[in-house]
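Read through the structure below, which is laid out as structure tokens, and then see the notes.
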Amino acid sequence: LLAPQPLEAASPMPALASLEQTSTQRLILRVARIESDDNAKRTVTVDASAEAGESAQEHNLPPLIGVLRQSPEAMRLVMLSVQGQRLLTLVHDADGSRFEKARPEVLEKLPFSADWLARRIAWVHWPQAAIDDAFANTGWQLVQRGDWQQGRQPAQRIITQDGVTIAELTRDASGSVTLRDPAADMQLTLEPLAAPSTQNAPDDSPEAPAHD
């Protein structure tokens with residue numbers, strides 16, 4: 001189910017300075033491989049928290065919980081298991097994109113690089129103007145249909161390079177976004193998750209210590 005090498009990103013990355021304010025969002029994150037056969041396309045869930053050697057075809061394991069914090073200084077996505085264990089943290093800042101605090105058994109299973117994931121998170125959450133500025137005078141282009149800034153309205157974004165579709169982003173009325181990367185046969189789904197009550201919920205903020 002995994003790519004032989006982590007997928008890289010060749011697209012320009014929107015500038016962090018284009019984010020005018022800090023925001024934090026909880027997400028349900030699913031990563032899937034889009035498999036092709038003679039009849040149709042099928043999607044098989046890839047669980048980044050599965051133990052080494054366990055086949056993702058045997059069970060559809062629970063998705064990951066993500067805590068996304070974005071600011072003009074950095075973007076951080078903490079990924080946790082449903083049990084609250086921190087699996088790894090995606091960081092994008094002035095030094096580039098990287099994974100931090102990653103469990104070795106998780107890191108070795110990832111079919112994509114930090115660059116690949118950081119750019120696709122930006123395509124989902126960043127304003128059109130920021131992406132347009134990054135793509136200016138390059139072969140990359142963002143085509144947007146609908147009001148993407150209204151988080152609970154259906155809308156679509158298409159990312160192309162020299163006229164070739166790189167990613168298709170579709171948002172439904174619930175705010176869930178599905179990003180399909182046809183060239184990589186990958187699919188990323190981000191669903192908004194209501195914040196838990198502070199009394200009962202574990203501290204899974206980007207600054208919080210990991211749960212072992």
**Request:** Keeping the roles fixed (side chain from Ser81, backbone from Gln85), state whether a donor-acceptor pair exists under 3.5 Å.
**Result:** yes
**Prompt:** Roughly how far, to the nearest 0.5 Å, is CD of Gln70 from CD of Gln21?
**Reply:** 10.5 Å
**Prompt:** With side chains defined as the heavy atoms from C-beta onward, is the minimum distance between Pro72 and Leu16 less than 4.5 Å?
**Reply:** no
**Prompt:** What are the two closest heavy atoms between Ser97 and Asp115, and how far apart are they?
**Reply:** CB-OD1, 3.2 Å
**Request:** Measure across Ala122 and Met13 and return the closest heavy-atom pair with its distance rounded to 0.1 Å.
**Result:** CB-CE, 3.9 Å
**Request:** Could you give me the CA-CA distance, side-chain angles and deciding distance for Ser176 and Leu190, then say whether side chain to side chain contact (heavy atoms under 4.5 Å, CB included) is met?
**Result:** CA-CA 6 Å; Ser176 175; Leu190 301 174; over 6 Å; no
**Prompt:** Do Leu142 and Asp132 have side chains that get closer than 4.5 Å, going by heavy atoms?
**Reply:** yes
**Request:** State, yes or no, whether a side-chain contact exists between Ile166 and Trp123 at a heavy-atom distance under 4.5 Å.
**Result:** yes
**Message:** Please say yes or no: joined through hydrophobic side-chain contacts below 4.5 Å, possibly via intermediate residues, are Met75 and Val91 part of one cluster?
**Reply:** no
**Message:** Does atom CD (Glu20) have a neighbourhood of more than 12 heavy atoms from anything else shown, all under 6.0 Å?
**Reply:** no
**Item:** Stacked cation flag Arg171 on Trp148, 6.0 angstrom / 45 deg
**Value:** yes
**Complete:** Between the CZ atom in Arg120 and the CG atom in Leu179, the distance rounded to the nearest 0.5 Å is 6.5 Å
**Message:** Does the plane of the ring in Trp140 sit parallel, tilted or perpendicular to the ring in Phe135? Use 30° and 60° as the thresholds.
**Reply:** tilted
**Gap between atom CG of Leu169 and atom CD of Gln144 - 0.5 Å precision** = 10.0 Å
**Atom of Pro12, atom of Ala134 and distance for their closest heavy-atom approach** = CB-O, 3.3 Å
**Item:** Sub-4.5 Å side-chain heavy-atom contact between Trp116 and Ile121
**Value:** no
**Minimal non-hydrogen separation, His125 against Leu27, with atom names** = NE2-CD1, 4.2 Å
**Asked** Going through the checks in order, is the salt bridge (charged side-chain N to carboxylate O under 4.0 Å, His left out) test met by Arg157 and Glu168?
**Response** CA-CA 6 Å; Arg157 281 180 166 180; Glu168 302 170 345; over 6 Å; no
**Asked** How far apart are the C-alpha atoms of Asp93 and Arg98, what are their side-chain angles, what is the distance that settles it, and do they pass the salt bridge (charged side-chain N to carboxylate O under 4.0 Å, His left out) test?
**Response** CA-CA 9 Å; Asp93 56 20; Arg98 60 196 178 276; 2.7 Å; yes
**Request:** Begin with the C-alpha distance, continue with both residues' side-chain angles, and end with the deciding distance and a verdict on side chain to side chain contact (heavy atoms under 4.5 Å, CB included) for Arg76 and Glu100.
**Result:** CA-CA 10 Å; Arg76 297 173 63 87; Glu100 294 183 348; 4.1 Å; yes
**Asked** Of the options Leu64, Thr89, Leu68, Leu88, which is the one that meets Leu77 in a side-chain contact (heavy atoms from CB on, under 4.5 Å)?
**Response** Leu68
**Message:** Within the 4.5 Å heavy-atom criterion, are Leu80 and Leu87 side-chain neighbours or not?
**Reply:** no
**Asked** So do Gln161 and Gln141 actually touch side chain to side chain, heavy atoms under 4.5 Å?
**Response** no
**Request:** Apply side chain to side chain contact (heavy atoms under 4.5 Å, CB included) to Arg30 and Gln187, showing your working.
**Result:** CA-CA 8 Å; Arg30 295 182 176 89; Gln187 179 171 298; over 6 Å; no
**Message:** Nearest 0.5 Å, please: how far is CZ in Arg69 from OG1 in Thr22?
**Reply:** 5.5 Å
**Item:** Minimum side-chain heavy-atom gap Val177-Thr170 below 4.5 Å
**Value:** no
**Message:** Can you tell me how far apart CG (Asp181) and CZ (Arg119) are? Round to the nearest 0.5 Å.
**Reply:** 13.0 Å
**Asked** Does a side-chain heavy-atom distance below 4.5 Å link Leu19 with Glu73?
**Response** no
**Request:** Over all heavy atoms of both residues, which pair between Pro192 and Gln25 is shortest? Give the atoms and the distance, please.
**Result:** CB-NE2, 3.8 Å
**Request:** Kindly give the heavy-atom pair with the smallest separation between Phe112 and Val31, and that separation in Å.
**Result:** CE2-CG1, 3.7 Å
**Request:** Working to the nearest 0.5 Å, report the span between OG of Ser18 and CG of Asp133.
**Result:** 7.5 Å
**Flag for Asp172-Ser174: side-chain donor and acceptor within less than 3.5 Å** = yes
